[in-house]
Amino acid sequence: MATRDGDGWVQCRCGGKHWGLNGAAGLLLIRGGKIMMQHRAPWVHNGDTWGLPGGARDSHESVEEAAIRECVEETGINPEHVEVIELFTDNHNDWRYDTVIAIAHGNLDTASWNKETHDIGWFELSEIAKLDLHPSFAKSWPTLQGVVFRIIQSLES
Ligand SMILES: [Zn+2]
């Protein structure tokens, strides 16, 4: 098994402190016009909020590999059902967060989530801002939303 060398905090020039020595990545799955959100367990950092499954990237991983690995660990999905469409990068220079936008195919089973996950839900784009969001996700959502909207439109046409 490859070593996990991405775990740790980065003090960023934006004034924030972020998780992931090589940055972090999350998976945004689209299915039938909805996106999959993770209700984070109360005990994790910024817990009891909704965000994307994801976490620190290891140095030997691509952002896609990191996002999918974390999502598999946290939600139990089968990665064979994930088709990556596009990357959305929030670059802080000292740190970056890559949102891997993907389509969920087939019977994506999320029933075997781990202890970092409190719940999994599928939401329309218009419902997302009403959730109690993870603060970093809340910050990027206004921009990310436009990207996801365009992708959903192109899938439906
Ligand atoms: Zn920062």
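In this chain, numbering begins with 1 at the start of the sequence shown. Both counts, for ligands and for their atoms, begin at 1 and track the order of listing. Please read all numbers here as calculations on a predicted model, not as lab measurements.
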* To do: Could you check if a side-chain atom of Ile30 sits within less than 4.5 angstrom of a side-chain atom of Ile101, using non-hydrogen atoms only?
  => yes
* Structure fact -> So the angle subtended at the Zn ion (ligand 1) by Cys12 atom SG and Cys14 atom SG, rounded to 10 degrees, is 110°
* To do: Kindly indicate whether a cation-pi arrangement holds for Lys17 with Trp9, taking the cut-offs as under 6.0 Å to the six-membered ring centre and within 45° of the axis.
  => yes
* To do: Starting from the Zn ion (ligand 1), look over the N/O/S atoms of His92 and name the nearest one.
  => ND1
* Rounded to the nearest 0.5 Å, what separation is found between the CZ atom of Arg4 and the CZ atom of Arg57? -> 12.0 Å
* Do the rings of Trp95 and His18 sit parallel, tilted or perpendicular, given the 30° and 60° boundaries? -> parallel
* Asked: the Zn ion (ligand 1) is nearest to which N, O or S atom of His18?
  -> NE2
